[in-house]
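Report on the structure given below.
Given the structure is predicted, the values throughout are model-derived calculations rather than measurements.
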Amino acid sequence: MIKINLICVGKLKESYWRAAQEEYVKRLSRFCKAEVREVPERFTLKEEAENILRLCRGHTIALAVEGTGVSSETFAEKLGALCDRGEEITFVIGSSCGLDGSVKRSAKELISFSELTFPHQMMRVMLLEQIYRAFMILSGSVYHK
């Protein structure tokens with residue numbers, strides 16, 4: 001079973017974000033082993049980067065505003081291709097201050113969900129939902145509609 005890691009800076013303090021995260025991790029369990037790893041916010045992005053880079057495994061995708069925008073279908077195709085190759089996948093979500101350049105440079109790709117700015121807690125749930133949606137698209141489910 002493919003492993004998908006989410007490395008996120010900061011903790012989910014609100015119970016509703018934690019509940020949403022747990023729900024999507026549970027839903028994903030039929031498709032992959034999803035694990036969310038939290039690294040503490042630090043005074044500098046460089047300090048955060050050291051902790052993030054230690055946890056990156058396999059094909060790393062960083063979420064960044066300057067990344068390439070993708071549709072849900074394209075995201076599903078990318079995820080499917082990585083799964084077909086049996087690659088472990090790591091997604092990285094930075095803090096409200098973003099990601100250090102070293103994390104962006106070490107990633108195989110940068111993707112952007114929008115030109116809008118979202119709270120990183122919400123982005124974590126949105127990413128999990130899109131990963132779930134991708135697997136549902138790949139399985140031919142009507143969930144995507």
Side-chain angles (χ1 to χ4, degrees), residues 1-138 143-144:
M1 181 172 279
I2 196 77
K3 181 158 186 212
I4 296 181
N5 308 295
L6 270 71
I7 302 172
C8 308
V9 178
K11 291 194 174 291
L12 290 180
K13 297 176 182 110
E14 297 86 356
S15 61
Y16 52 89
W17 291 129
R18 285 193 309 273
Q21 174 181 288
E22 290 167 12
E23 177 62 25
Y24 281 110
V25 168
K26 182 176 85 175
R27 288 183 187 193
L28 283 166
S29 67
R30 69 189 255 214
F31 302 109
C32 66
K33 181 179 183 331
E35 183 176 357
V36 178
R37 304 285 304 267
E38 296 176 335
V39 298
E41 289 187 68
R42 297 291 185 205
F43 290 110
T44 69
L45 293 179
K46 184 174 174 34
E47 289 175 293
E48 290 173 359
E50 292 167 2
N51 290 325
I52 291 168
L53 292 171
R54 269 189 234 116
L55 297 174
C56 288
R57 303 283 182 271
H59 188 94
T60 301
I61 301 169
L63 275 61
V65 69
E66 68 272 23
T68 303
V70 293
S71 67
S72 293
E73 295 83 3
T74 301
F75 185 74
E77 289 172 15
K78 286 178 176 284
L79 192 66
L82 292 169
C83 289
D84 288 347
R85 292 196 308 249
E87 286 198 56
E88 186 170 349
I89 305 164
T90 299
F91 291 94
V92 180
I93 301 173
S95 68
S96 58
C97 296
L99 289 168
D100 186 70
S102 63
V103 175
K104 294 176 188 179
R105 286 188 300 277
S106 74
K108 298 270 196 238
E109 56 188 303
L110 303 178
I111 63 170
S112 172
F113 274 44
S114 171
E115 290 183 25
L116 299 171
T117 302
F118 298 104
H120 60 278
Q121 299 95 331
M122 182 183 293
M123 196 64 242
R124 187 185 306 195
V125 174
M126 290 171 60
L127 174 58
L128 285 165
E129 191 280 335
Q130 285 298 303
I131 295 169
Y132 177 70
R133 181 178 298 272
F135 279 114
M136 295 302 279
I137 290 169
L138 293 169
Y143 173 85
H144 177 57

Leu82 CG to Arg85 CZ distance, which is reported to the nearest 0.5 Å
5.0 Å

Measure from the side-chain N and O atoms of Thr90 to the backbone N and O of Arg57, and report whether any donor-acceptor pair falls under 3.5 Å.
yes

Heavy-atom check, side chain of Gln21 versus side chain of Arg124, under 4.5 Å:
yes

Min side-chain heavy-atom separation Val70-Phe113 under 4.5 Å:
no

Can you check whether Glu109 reaches Thr68 side chain to side chain, under 4.5 Å on heavy atoms?
no

Is a salt bridge present between Arg27 and Glu23, judged by a nitrogen-to-oxygen distance below 4.0 Å?
yes

Quick check: does any side chain N or O of Arg18 sit under 3.5 Å from a backbone N or O of Lys13, one acting as donor and the other as acceptor?
yes

Can Val9 and Ile52 be said to form a side-chain contact (heavy atoms from CB on, under 4.5 Å), step by step?
CA-CA 8 Å; Val9 178; Ile52 291 168; 3.7 Å; yes

Find out whether Ile131 and Leu6 are in side-chain contact, i.e. whether some heavy atom of one side chain is under 4.5 Å from a heavy atom of the other.
yes

Is there a side-chain contact between Ile61 and Val92 in this structure, where contact means two heavy atoms from C-beta onward sitting under 4.5 Å apart?
no

Take Ile7 and Cys56 through the side-chain contact (heavy atoms from CB on, under 4.5 Å) test and state the conclusion after the steps.
CA-CA 8 Å; Ile7 302 172; Cys56 288; 3.9 Å; yes

Which is it for Thr117 and Val65 under the side-chain contact (heavy atoms from CB on, under 4.5 Å) test, yes or no, and what are the steps along the way?
CA-CA 8 Å; Thr117 302; Val65 69; 5.9 Å; no

Any side-chain heavy-atom pair of Leu55 and Asn5 under 4.5 Å:
no

Among residues at least two apart in sequence or on other chains, which ones pass salt bridge (Lys or Arg N to Asp or Glu O under 4.0 Å) with Lys108?
none

What donor-acceptor contacts under 3.5 angstrom involve side-chain atoms of residues 28-35, with partners at least two apart or in another chain?
residue	atom	partner	partner atom	Å
Ser29	OG	Lys26	O	2.6
Glu35	OE1	Lys3	NZ	3.0

Output yes when a side-chain donor or acceptor of Glu22 lies under 3.5 Å from a complementary backbone atom of Ala19, and no otherwise.
no

Taking Glu48 for the side chain and Arg42 for the main chain, is one N or O donor matched with an acceptor at less than 3.5 Å?
yes

Can Lys11 and Glu41 be counted as an ion pair, charged N to O under 4.0 angstrom?
no

Does a donor on one side chain sit under 3.5 Å from an acceptor on the other, for Glu66 and Ser112?
no

Closest heavy-atom pair and its distance - Ile137, Ser72
CD1-O, 3.8 Å

Do other residues, nucleotides or ligands put more than 12 heavy atoms under 6.0 Å from the CD atom of Glu14?
yes

Please determine, by modelled atom types, if Thr44 and Glu47 share a side-chain donor-acceptor pair under 3.5 angstrom.
yes

